Amino acid sequence: MDPLTWTGSLAFITPIFMIALLLLAATIAIWVVVSIFSAGTRHVANADGTISLAGKPQAMAALGVRLAFLAVAALGLAYLVMGLIMGTEAGIVGAMSRQMWPTWLALVTLFSLSILFKRRLGLYGKLFDSPIGMVGFTLVMFWVFTGVFAAMDLIATHDPLAQASGMKNKVPGTPLRGAEAGEYAWYLLGGDNLARDVFSRMVKGAWEVLKYAPLATLFAFMVGITLGLPAGYYGGKLDTFLSFLANLILAFPVILLFYLLVTPEIVATGLPQFMAVVLFAFPMVFCGVLIHSRFRTQPAKNTFWLLLVLGPIFLLYMSLINAQGSKINFWPLDFFDIPGGVLVVFVSVVFVNSPTVFRIVRGLAMDIKTRDYVAAAQTRGERPWYIMLWEILPNVRGPLIVDFCLRIGYTTILLGTLGFFGLGLPPESPDWGSTINDGRKLLSIYLHPALPPAVALMSLVLGLNLLADGLREESLRD
């Protein structure tokens, strides 16, 4: 069986695509130079009542960038669509495009429905009016769908942990030796130093990121919001004490903190598990206070919602902190076990991110508590926690949503950094950080094992940052 080239029968598009990329780079450079030396554009009212731009050089340069970008995007889309139709005849690009058909289908469906009903979808719908937000949302949802479908074994071509004879460090497109019936016949992105399929490990690694980064960020927000609201609202000694603790954690070097937490002697003491007992309780506390402050005057509703919400959360909480053979092992209804290494990483990420969220929420609460609608709620006799959770928190959702997107990106980088240093998930895990660390050992000889997960990590974080920019832009218009 012949090896695959990158574009196969679509090789004729490659020179045109390279020319378009060069034009895009050139137009961006011209636009930057013109922007520096030009006075900028200004609006001029025409005789017919229309408005035009007077700054022609800068406007022309911006138009050139836009047209070059559209040309690159159109050619890239041509690669994907024709590759989806032609499959392996279109080389590695076509094979990967066809292999990822569930992702394309999910993206098309999501965008079609979102654009159709965007006027009814609030801030999410307004996101589709922002080009930056659209690009970021596309990148993020691409990896979300890729991770989900990879977890369902709809995208990966091979087992990410399986080793194939003779495929060690093989280049992309190498045919699999002795492929059996029903087995995918190529390593699309080559093999790593343990003869594992790089493409399968990359798409499976997306699921590892999705499992931990958003959830760890959510837990960090629960801790930061629960402590930041009273600190900003009450002020005084409580604010001084909590701010001191937050600054103390922030002043500690992050990598050194992780080294300490994963040290076998520290793990043997059960410290990470005891930290989990405290940190993982905050979502339960937050939900309980949120419901009680809302339905305090309606005992029947209050009891119903507390039992309905806190019951499942409590069972999940006990399953999270309880582990066989550990310092905490007394709960009989243990629905799942979390490996010790995963628990340490999760606790560490929550612990490091919480102080930053605390400081953001505290600052917003100190500003919002002086507004008239807060004074009106105080005049009505509302209790402090009701004011904090139902008056202040909804009015700071814009900055918090933006920071949540950014912080998922930071957490993704942090997980990748931990995996790179060998402090993250178990060594056999296909997470991007561990895969980059495995590939960098032979980076001067073989680029293909480390490059795909590095590009994947970069594109996801870029998408999250662009999405946050789009959300910030649209939230400021509200």
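What you see is a predicted model; the values in this text were computed from it and never measured.
- A donor-acceptor contact shorter than 3.5 Å links the side chain of T217 to the backbone of A213.
- Atom CZ of F241 has 12 or fewer neighbouring heavy atoms from other residues, nucleotides or ligands inside a 6.0 Å radius.
- Considering every non-hydrogen atom in both I313 and C287, the closest pair reads CD1-SG, 3.8 Å.
- Contacts classified as salt bridge (Lys or Arg N to Asp or Glu O under 4.0 Å) and involving residues 462-471 (residues at least two apart or in different chains) are given here: D469-R472.
- Side-chain atoms of T240 and F244, non-hydrogen and from C-beta on, never get closer than 4.5 Å to each other.
- No donor-acceptor pair under 3.5 Å is formed between the side chain of D403 and the backbone N or O of P399.
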I would like to know whether W207 and V148 meet side chain to side chain contact (heavy atoms under 4.5 Å, CB included); could you show each step before the answer?
CA-CA 6 Å; W207 176 242; V148 171; 4.2 Å; yes

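- If you check the side chains of S200 and D159, you find no donor sitting under 3.5 Å from an acceptor.
- With hydrogens and angles ignored, the 3.5 Å screen pairs a side-chain donor or acceptor of H448 with a backbone N or O of G191.
- For R371, the salt bridge (charged side-chain N to carboxylate O under 4.0 Å, His left out) partners two or more places apart in sequence, or in a different chain, are D367.
- Remark: of the listed residues F282, F404, F346, Y317, F346 is the sole one forming a ring-ring contact (aromatic ring centres under 6.0 Å, His included) with F219.
- Inter-residue side-chain proximity for L467 and L127 is flagged as met; some heavy-atom pair is nearer than 4.5 Å.
- Heavy-atom minimum distance, S130 versus G470: OG-CA, 3.8 Å.
- Shown here for L457 and T412, the closest heavy-atom pair between the two residues is CD1-CG2, 3.2 Å.
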Verdict with reasoning, V357 to V223, per side chain to side chain contact (heavy atoms under 4.5 Å, CB included):
CA-CA 8 Å; V357 179; V223 177; over 6 Å; no

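- For F304 and F295, the gap between ring centers reaches or exceeds 6.0 Å.
- At distances below 3.5 Å, at least one donor-acceptor pair connects side-chain atoms of R201 with backbone N or O atoms of P160.
- Side-chain contact check for D192 and T435: no donor-acceptor pair (N or O, by modelled atom type) lies under 3.5 Å.
- The minimum heavy-atom distance between I225 and P230, with the atom names listed, is O-CD, 4.3 Å.
- Distance alone, capped at 3.5 Å, places no donor-acceptor pair between the Q163 side chain and the R196 backbone.
- With a 6.0 Å radius and a threshold of 12 heavy atoms from other residues, nucleotides or ligands, W385 has its CH2 atom above the threshold.
- Salt bridge absent: K204 and D431 never bring a charged side-chain N and a carboxylate O closer than 4.0 Å.
- Judged purely by atom type and a 3.5 angstrom limit, N302 has no side-chain atom pairing as donor or acceptor with the backbone of Q298.
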Intermediate values then yes/no, side chain to side chain contact (heavy atoms under 4.5 Å, CB included), Y233 and I368:
CA-CA 9 Å; Y233 184 79; I368 297 295; over 6 Å; no

Before you tell me yes or no, could you show the steps for L121 and Y124 under side chain to side chain contact (heavy atoms under 4.5 Å, CB included), namely the whole-Å CA-CA distance, both residues' side-chain angles and the distance that decides it to 0.1 Å?
CA-CA 6 Å; L121 298 175; Y124 170 73; 3.6 Å; yes

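- When side chains are defined from C-beta on, F149 counts as touching T103, because their heavy atoms get closer than 4.5 Å.
- S293 places a side-chain N or O within 3.5 Å of a backbone atom of L290 that can act as its donor or acceptor partner.
- Within the 3.5 Å criterion, the main-chain N or O of V374 finds no donor-acceptor partner in the side chain of E391.
- What you find for P452 and V198 is that their closest heavy atoms are CG-CG1, 3.9 Å.
- For F137 and F142, the gap between ring centers reaches or exceeds 6.0 Å.
- Remark: side-chain polar atoms of W432 are paired, donor with acceptor, to backbone N or O of M202 under 3.5 angstrom.
- Counting non-hydrogen atoms of neighbouring residues, nucleotides and ligands closer than 6.0 angstrom, the CZ atom of R380 exceeds 12 such neighbours.
- Of all heavy-atom pairs between L307 and P312, the closest is O-CD, 4.1 Å.
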